[in-house]
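Here's the structure, in structure tokens; my notes come after.
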There are 2 protein chains.
Amino acid sequence: MTAAAGNHVLFTRHEAGVFEPGLFKTAADRNLASGAGDHAGVIHLGGREDLFLEGDDATHVYEVTDGVVCLYRIMPDGNRHILAFRFPGDIVGLCSPATYGYNAQAVGDTRLRRISRAGLERMIDERADFARKLLRMATAELNAMRDHLTCLASKSAEAKVADFLLMLAERSTARAGGAVVVNLPMTRTDIGDYLGLTIETVSRTISKMRRTGVIDLPRTTQVIVRSTDRLAELAGAA
Amino acid sequence: MTAAAGNHVLFTRHEAGVFEPGLFKTAADRNLASGAGDHAGVIHLGGREDLFLEGDDATHVYEVTDGVVCLYRIMPDGNRHILAFRFPGDIVGLCSPATYGYNAQAVGDTRLRRISRAGLERMIDERADFARKLLRMATAELNAMRDHLTCLASKSAEAKVADFLLMLAERSTARAGGAVVVNLPMTRTDIGDYLGLTIETVSRTISKMRRTGVIDLPRTTQVIVRSTDRLAELAGAA
DNA sequence: CATGAAATGTAACGATTTGTAATATGGGTG
DNA sequence: CACCCATATTACAAATCGTTACATTTCATG
């Protein structure tokens, strides 16, 4: 699996001190959320399987427990735009209107915990600290999205890709001789749709980073970050 | 002032049914938020005056009552990036860590209502519906940010500017002979920093829209949208 | 291990955007 | 009313990214 299931930090960039180990940690929480004593449902999805579609009734909220989920939209011209990737510990589908505003799809094999909206409301009513927790998760998502905005707004292709790899590197706990090992469960097309670049530009950029020794690419799905500093330089300037 | 203080909708695009007329509508709400009977503080800011800076202790949350506030970051290379504009009814400074993750600055003369973090916590504890309201505002902000992401990711300069003008047009209640009148309290530089474009590109694009008759430009700070449909076309395709 | 399909990588070319610089406009002030 | 300064506009050269086309690698399957 992609991310080692250890103590990784949610939405790490630019924010120290925000650590959310998951929405429902105790069995009591899960029972409260799902109702009279039964478990919150567990969902398995294979690669490219949709969890829900834009416009669907927002009946549930999900917590990723394994794998990666991408949130995406299909634009009027047919282009796909990936709004975010969600990793273990992240929640998916928290939204204010009655319907989802985007599609959600499993990138690879994925497991999620399903929580009914009613259960969520119940917990908000019964436990004030739960409301705060939910609010913290929403603001954490806001922070992550702001970083993504910053990434998309004013940067070159090289900076975007570097920023993306850094984000993944910060999540990853895998090491190989001091270097950070980053697995890429998503395709180049996914990365392009996430960064607003074409697949060719993504490919070119990654190749250039390999040539210049910033990263190593033992497989197409695995990046070894030789120098986090140089990667940060590429992400920061120009 | 820019936006007529009427019943405008918050974060309107792509979401019907989310209507938040403001965080603290009743005097009772304000009293509960600010403490023992005194008012929540009111703040006046002139153009280009900062409300708070990135890294400041997040002691307060603000609600814009008049004018426009922009949230921005200064990038390592010195570039400024505007994350969002906030209009009357919007809240500013709601964040999970103890410090703000961005700067906030008044675009023109602006008035805000100040709410202490402690007061906010108190209201969450004492009123479950307030927690839900706050959560709804956070998710509304998420929706708005997702739209902005979509705008930045995969679009041409023309589409970005068209999308931006549409957003402002949807907020505006001013009409002139059937056409929507949009005031631009922000400079071209602001727009560029918001859309990830240079000031020249913004200027060129707006000029082209004027030439092709999509908009009229009686002053540099005022746009009259001749055809919302054609503007939407520009925003949607290519 | 061979095969084929899908994904990825490379290269040349063209379109769009940016950067530079020069000009125009407009609001504020004496 | 004229001047001045900041902002906005326009024109042209240069760089970046997208497009198209093709080669290569990877992986699932026989």
Side-chain angles (χ1 to χ4, degrees), chain A residues 46-48 75 77-81 107-109 151-165 183-212 215-223 234 237-238, chain B residues 46-48 70 75 77-82 107-109 151-165 183-212 215-223 234 237-238:
Chain A
R48 302 297 149 192
M75 310 308 292
D77 60 0
N79 266 14
R80 183 183 65 152
H81 176 220
V107 171
D109 277 2
C151 172
L152 285 185
S154 56
K155 291 181 178 182
S156 64
E158 191 169 41
K160 285 180 183 176
V161 174
D163 195 86
F164 177 70
L165 291 178
N183 290 305
L184 301 175
M186 63 288 289
T187 66
R188 298 290 187 270
T189 306
D190 290 337
I191 299 174
D193 287 349
Y194 180 69
L195 296 175
L197 301 171
T198 62
I199 178 176
E200 293 86 351
T201 303
V202 173
S203 205
R204 259 190 308 238
T205 309
I206 291 182
S207 297
K208 187 180 173 191
M209 287 179 181
R210 187 172 48 74
R211 268 200 308 279
T212 55
I215 64 172
D216 204 2
L217 205 64
R219 281 177 289 160
T220 54
T221 58
Q222 190 174 64
V223 169
L234 292 179
Chain B
R48 302 297 150 191
C70 73
M75 309 308 293
D77 61 0
N79 266 14
R80 182 183 64 152
H81 175 220
I82 292 184
V107 171
D109 277 2
C151 173
L152 286 184
S154 55
K155 290 181 178 183
S156 65
E158 191 169 42
K160 286 179 183 177
V161 174
D163 195 85
F164 177 71
L165 291 178
N183 289 305
L184 300 175
M186 64 289 288
T187 66
R188 298 291 186 270
T189 305
D190 290 337
I191 298 174
D193 288 348
Y194 180 68
L195 296 175
L197 300 171
T198 61
I199 176 178
E200 293 88 348
T201 302
V202 172
S203 201
R204 269 187 293 252
T205 307
I206 291 182
S207 296
K208 188 181 172 190
M209 288 179 181
R210 187 173 48 75
R211 269 199 308 279
T212 55
I215 62 171
D216 204 2
L217 203 65
R219 283 175 288 159
T220 54
T221 58
Q222 189 174 65
V223 169
L234 292 180

May I ask you to say what [X] touches in the nucleic acid, namely base, sugar-phosphate or nothing, with a heavy-atom cut-off under 4.0 Å?
X         : value
Ser203(B) : base
Ile191(A) : nothing
Thr187(B) : sugar-phosphate
Arg210(A) : sugar-phosphate

Atom [atom1] of [X] and atom [atom2] of [N]: how far apart are they, to the nearest Å?
X         : N       : atom1 : atom2 : value
Ile215(B) : dA8(D)  : CD1   : C1'   : 14 Å
Asn79(A)  : dG18(D) : CG    : P     : 11 Å
Asp190(A) : dA6(C)  : CG    : C1'   : 14 Å
Gln222(B) : dA8(D)  : CD    : P     : 15 Å
Ile199(B) : dT10(D) : CD1   : C1'   : 12 Å
Lys208(B) : dT9(D)  : NZ    : C1'   : 16 Å

Can you check whether Val223(B) reaches Leu217(B) side chain to side chain, under 4.5 Å on heavy atoms?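 Side-chain contact under 4.5 Å: yes.
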Notebook entry, point to check: Does a donor on one side chain and an acceptor on the other come within less than 3.5 Å for Thr201(A) and Arg204(A)?
Noted result: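 Per modelled atom types, Thr201(A) and Arg204(A) side chains form a pair under 3.5 Å.
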* To do: Give the C-alpha distance, both sets of side-chain angles, the deciding distance and a yes or no for side chain to side chain contact (heavy atoms under 4.5 Å, CB included) between Leu234(B) and Met209(B).
  => CA-CA 10 Å; Leu234(B) 292 180; Met209(B) 288 179 181; 4.1 Å; yes
Selection from dG9(C), dT17(C), dT10(D) that lies nearest to any side-chain heavy atom of Arg188(A):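 Nucleotide nearest to Arg188(A)'s side chain: dG9(C).
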task: Give the intermediate values and the outcome of side chain to side chain contact (heavy atoms under 4.5 Å, CB included) for residues Asn183(A) and Thr221(A).
output: CA-CA 6 Å; Asn183(A) 290 305; Thr221(A) 58; 5.7 Å; no
Per-nucleotide protein contact along nucleotides 18-27 of chain C, 5' to 3', at a 4.0 Å heavy-atom cut-off (B base, S sugar-phosphate only, - neither), is BBBB------
Point to revise | Arg80(A) bridged to Asp190(A) by N-O distance under 4.0 Å | key: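 Looking at Asp190(A) together with Arg80(A), the answer is yes, because their closest N to O distance falls below 4.0 Å.
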- Query: Does Arg188(A) reach the main-chain N or O of Thr220(A) with its side chain, forming a donor-acceptor pair under 3.5 Å?
  - Reply: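 Between the backbone of Thr220(A) and the side chain of Arg188(A) there is a qualifying donor-acceptor contact (under 3.5 Å).
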task = Would you kindly compare Thr221(A) and Glu158(A) by the position of their nearest DNA chain D nucleotide and give the one closer to the 5′ end?
result =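 Result: Glu158(A).
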Taking every non-hydrogen atom, the tightest pair across Tyr194(B) and Leu152(B):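 The answer is O-CD2, 3.9 Å.
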